[in-house]
Amino acid sequence: MSVFTQLPPWIGFVLIWLLFNAVQWALRWFFARRYSTVMGRFGLTMDWSGIEWKTTRVNKTSSSIASGGKRFWRAWFSVGAMVSIGLMLFAVGLIIYNLGHIISHILHQTLRSRSLDDRINAAASTTPSPARANLTDNTDNDGFVLTPLLPGINLPLSQLGYLILALAINAFFHEAGHAIAASSEEVKVTAMGAFFRFLYPGAYVELEQQELDLRAAWQKLKITGAGVWHNTVITIVTALLILCLPTLLSRSYVQGEGVVVVDVHQASPLAGSLFPGDVLLRLDGDCLTETGADWGRCLHAIQDEWRTGSGHCVPANQVPAETTDTAPMTRSTDGYSVLDCCDPSVANASTHLCFTHSTIPVRLDFTNYSCLPARQISESSSSRCVLDADCGALNMCLHATVENRYTRFLRIDRMGQDSVLYLGSLSDLAQALELSDFVPIGRGRVWLPNRLLLFLQYMLMVSPALAVMNAAPCVFLDGQYILTSFLAVLLPDAKYSTDRRDTLTFLILVITTFALAVMVVLSVSLQLLKWS
C-alpha cells in the first residue's frame, strides 16, 4: 500500500492544490507571452482557486434555440416560473426545519454528555454496575434532510468522479435554461462560462442588464427561475431512467436469476475463490439470492440463526463412530477462543473442520468431537438445527466448533461452478463483494449496470439538491432574484411602495442567508467531528 493512500484526505487535496499552483506558476514564469496568448485564445483563466472558461459566442446559439419554438419556450418557462416559486417557499421551510433539527441534535448531545459525566462522578463512590458498561450511542443516522458532501469524510473518494460529473451536467443545463429563457424574452446573452474550483465544477451566464431591467416582473421570473426548473426536470427524468433501467438493459442483462459478482476486495479470503462474473444462486444452501435484496436478507437470516439454530442437519452415517474423547486444543479466531479437534499436521487439515454432535451442555465435557470434511458436511446439510431432535430420524445435528456469534461457516452456491465454502464474519462477507442484480447475457459488461445505476443515483441526489438550494432566497443564489421578481409580481408598483417592497426583500434575504450560513457551518462541523 502506498504511503499516499494512508494520508488524510485533506492532505491529498492540499498536495493537489500545491501541484496545480506550481504548474501554473511555472507556465507563467517560463512561457509568459505564449501562455497568455494561448489562454486568451481559448477563453481560459487560471488563478489560485482553479480554472475558468468563458465565451461571448453564446447569444447566437441560444437565440436560434429559442426562436425554434417561441410559444413552446414561453409556456415551458411559465411553468418553470411557478415551479421556482414553489421551490423557493419549500427551500425556506427546509432550511428552518434542518437548522432546528441540527440545533436540537447538538443540545441533546450536550445534555447527554453532562448527564453521563454526572453518572460517572456518582459511580466513582459506588459499586460499578454491569448495566452501565455499554453507554455508547450507536445511532449513525442523525435524521438531517440536508447534509453537505465532504470528499473523504462522508463521500468515498472513489465516487468523487460521479459527483463531479453529476454537478457538471446539472450546472450546464441549469445555465442553459437561463440562456434560452433570456433569449425567448429577447434579452441578449452576453457571455457564458464554466469553472472548476476547489474540486467542484460550476457554470454561469451573463445577460444584458439594461435589456433585463426593461422586462416585466413575470418575464424576469421566468428567466431567473429557469435554472432550478431545469434541475427539477433533470430530477424527474433521472427518476424515470432508474425505474426503466431494467427494461433499457433487458437485451444485454437479465434479473431474478441470481446476483453476479462485480468485484472482490483483494484483502478478502474470497479473492482467490470468487471472481467477477460469477453468478451466486444460494447462500448457506437453502437461502435463494435472486436479487441483491435477497443477498442482504440471507445475511441477516444467517446472523439470526445463531440464536435459533447454527448446526447442520446431516445423515448420521456421515459421522464416524469413533469420536475424540480427549480435550480438543483451544485456539483464537476473531478474538474469540474456539475448540479445534483437527490435527494441523495432517494433510487434509485444510479441507476439514472440527464438528460436535453433542448438546451444548455436553460439549463442555470435551466428548463427541469429530474432524470431518467441511464440503461434504455443508453439501449434505438439509437445514439448520440446534439439537439432534430438530433433524428427524437417521439425521444428527452437527455444530462447527469454530462458529460463534461473529464467525460463521457457510456455503455459497454458484451457477455452473463448484460451490465456495466461507469461514469468517458476515460483516466481512458483506463488505468483500460488490454484487449486481443484472446478470450479463453474452458480451454484456458485468460492471456497467452498477456504474450506470450509481451515476443515476448521484444525479438523483444532486439535481433536487441544486434545485432547492439555488431557489433559496439567499444572497448570491438564484433565489435572491426569484424572490425579487416574485414580490414585484405579488406587490406591483401601482399598489405598493417600491421602498417598502425593497425593505421586505432585504429583510427576507438577510434572515434566510444567515440561517443558511449557520446551517452549513453546523452541518460541516458535525460531519468533521463525527469523522475525527
Peer 1: Does any part of the side chain of Leu522, heavy atoms only, come nearer than 4.5 Å to the side chain of Leu99, both counted from C-beta?
Peer 2: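 A side-chain contact under 4.5 Å exists here.
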Peer 1: Taking the ring centre of each residue, are Phe172 and His230 less than 6.0 Å apart?
Peer 2: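 Between Phe172 and His230, the centre distance exceeds or equals 6.0 Å.
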Peer 1: Would you check if the side chain of Ser104 reaches a backbone N or O of His101 as a donor-acceptor pair within less than 3.5 Å?
Peer 2: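 Checking the backbone N and O of His101 against the side chain of Ser104, no donor-acceptor pair under 3.5 Å is found.
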Peer 1: Under the side-chain contact (heavy atoms from CB on, under 4.5 Å) rule, what do Ser523 and Thr147 come out as? Steps first, then yes or no, please.
Peer 2: CA-CA 6 Å; Ser523 297; Thr147 301; 5.9 Å; no
Peer 1: From Ile302 CD1 over to Arg297 CZ, what is the distance, rounded to the nearest 0.5 angstrom?
Peer 2: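 Output value for this atom pair is 10.0 Å.
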Peer 1: Just jot down the side chain to side chain donor-acceptor pair (under 3.5 Å) partners of Gln24, sequence neighbours excluded, or say none.
Peer 2: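 Partners of Gln24 under the side chain to side chain donor-acceptor pair (under 3.5 Å) test: Arg28.
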Peer 1: With distance as the sole criterion, is a donor-acceptor pair present between the side chains of Tyr458 and Gln159 under 3.5 Å?
Peer 2: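 Distance-only check passes for Tyr458 and Gln159.
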Peer 1: Which atom pair, heavy atoms only, marks the closest approach of Val264 to Ala271?
Peer 2: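 Minimum heavy-atom separation between Val264 and Ala271: CG1-CA, 3.6 Å.
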Peer 1: At what distance, to the nearest 0.5 angstrom, does CZ of Arg451 lie from CG of Leu456?
Peer 2: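 The CG atom of Leu456 is 13.5 Å from CZ of Arg451, to the nearest 0.5 Å.
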Peer 1: Can you check whether Val462's main-chain N or O pairs, donor with acceptor, with Asn170's side chain at less than 3.5 Å?
Peer 2: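 No, Asn170 side chain to Val462 backbone: no donor-acceptor pair under 3.5 Å.
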Peer 1: Show the numbers, then the answer: is there a side-chain contact (heavy atoms from CB on, under 4.5 Å) between Val279 and Arg414?
Peer 2: CA-CA 6 Å; Val279 180; Arg414 299 183 292 178; over 6 Å; no
Peer 1: How many angstroms lie between atom OG1 of Thr45 and atom CD of Glu52, to the nearest 0.5 angstrom?
Peer 2: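 Spacing of OG1 (Thr45) from CD (Glu52) equals 4.5 Å.
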Peer 1: Is it true that, when you exclude Glu186 itself, more than 12 heavy atoms of the residues, nucleotides or ligands shown sit nearer than 6.0 Å to its CD?
Peer 2: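 Atom CD in Glu186 is not crowded, with 12 or fewer foreign heavy atoms closer than 6.0 Å.
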Peer 1: When you compare the side chain of Leu504 with that of Leu491, does any pair of heavy atoms fall below 4.5 Å?
Peer 2: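 Yes. Closest side-chain heavy atoms under 4.5 Å.
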Peer 1: How long is the straight-line distance from OG of Ser183 back to CH2 of Trp73, given to the nearest 0.5 Å?
Peer 2: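 One gets 10.5 Å once the value is rounded to the nearest 0.5 Å.
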Peer 1: So does Thr190 get a backbone contact from the side chain of Thr56, meaning a donor-acceptor N/O pair under 3.5 Å?
Peer 2: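 Answer holds: no.
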Peer 1: Roughly how far apart are Leu280 CG and Ile412 CD1, rounded to 0.5 Å?
Peer 2: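 Going from the CG atom of Leu280 to the CD1 atom of Ile412 covers 6.5 Å.
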Peer 1: Give the ring-plane orientation class for Phe30 versus Trp25, where under 30° counts as parallel, over 60° as perpendicular and anything between as tilted.
Peer 2: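 If you compare the ring of Phe30 with that of Trp25, the planes turn out perpendicular.
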Peer 1: So how far is it from Asn231 CG to Met459 CE, rounded to the nearest 0.5 Å?
Peer 2: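 So the gap between those two atoms works out to 9.0 Å.
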Peer 1: Considering non-hydrogen atoms only, spot the tightest contact between Gln457 and Ile242 and give its length.
Peer 2: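 For Gln457 and Ile242, the tightest heavy-atom pair comes out as N-CD1, 4.3 Å.
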Peer 1: Quick one: does any side-chain atom of Ser250 pair with a main-chain N or O of Thr247 as donor and acceptor, under 3.5 Å?
Peer 2: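 Flag set: sc Ser250 to bb Thr247 pair under 3.5 Å.
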Peer 1: Check step by step if side-chain contact (heavy atoms from CB on, under 4.5 Å) holds for Leu433 and Asp263.
Peer 2: CA-CA 6 Å; Leu433 301 177; Asp263 191 27; over 6 Å; no
Peer 1: Between Asp294 and Thr289, does a side chain to side chain donor-acceptor pair (under 3.5 Å) hold up when you go through it step by step?
Peer 2: CA-CA 5 Å; Asp294 290 340; Thr289 55; over 6 Å; no
Peer 1: Is there a side-chain contact between Leu429 and Leu299 in this structure, where contact means two heavy atoms from C-beta onward sitting under 4.5 Å apart?
Peer 2: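 A side-chain contact exists here, since the closest heavy-atom pair is under 4.5 Å.
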Peer 1: Would you call Asn59 and Ser62 a side-chain contact if the rule is heavy atoms closer than 4.5 Å?
Peer 2: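 Contact flag for Asn59/Ser62 side chains = yes.
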Peer 1: Looking only at non-hydrogen atoms, find the nearest pair between Glu257 and Val254 and report the distance.
Peer 2: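 So the two residues come closest at OE1-CG2, 3.8 Å.
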Peer 1: I need the minimum non-hydrogen distance between Lys222 and Phe77, along with the two atoms involved.
Peer 2: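 Between these two residues, the closest heavy atoms are CG-O, 3.5 Å.
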Peer 1: At their closest point, which heavy atom of Thr512 faces which heavy atom of Ile508, and how far apart are they?
Peer 2: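 Looks like OG1-O, 2.7 Å.
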Peer 1: Report yes or no: does Glu211 contribute a side-chain atom to a donor-acceptor pair with the main-chain N or O of Lys188 at less than 3.5 Å?
Peer 2: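 Yes: the side chain of Glu211 pairs with the backbone of Lys188.
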Peer 1: Check step by step if side chain to side chain donor-acceptor pair (under 3.5 Å) holds for Ser49 and Asp47.
Peer 2: CA-CA 6 Å; Ser49 62; Asp47 56 23; 2.9 Å; yes
Peer 1: I'd like to check Tyr253 versus Val439 (side-chain heavy atoms, cut-off strictly below 4.5 Å). Are they in contact?
Peer 2: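 No, every pair of side-chain atoms sits at 4.5 Å or beyond.
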Peer 1: Under 3.5 Å, is there a donor-acceptor pair between the Asn450 and Ser436 side chains?
Peer 2: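 On atom types as modelled, these side chains qualify, holding a pair under 3.5 Å.
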Peer 1: Identify the heavy atoms of Ala81 and Trp218 that sit nearest to each other, and give their distance.
Peer 2: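 Shortest heavy-atom contact: CB-CH2, 3.8 Å.
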Peer 1: With sequence neighbours excluded, give me every side chain to side chain donor-acceptor pair (under 3.5 Å) pair touching residues 472-487.
Peer 2: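 Residue pairs with at least one partner in residues 472-487: His174-Asp478, His178-Asp478.
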Peer 1: If you apply the rule salt bridge (charged side-chain N to carboxylate O under 4.0 Å, His left out), what do you find for Glu185 with Lys220, and how did you get there?
Peer 2: CA-CA 9 Å; Glu185 299 298 335; Lys220 293 179 182 177; over 6 Å; no
Peer 1: So, using ring pair (Phe, Tyr, Trp, His ring centres under 6.0 Å) as the criterion, who are the partners of Phe72 when residues are at least two apart?
Peer 2: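 With sequence neighbours excluded, Phe72 shows a ring pair (Phe, Tyr, Trp, His ring centres under 6.0 Å) to Trp76, given in chain and number order.
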Peer 1: Above 12 or not: heavy atoms from other molecules or residues under 6.0 Å from CZ of Phe173?
Peer 2: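 Check fails, neighbour count at 12 or below.
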Peer 1: So, the side chain of Asp428 versus the backbone of Ser425: is there a donor-acceptor pair under 3.5 Å, distance only?
Peer 2: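 Judged by distance alone, no pair lies under 3.5 Å.
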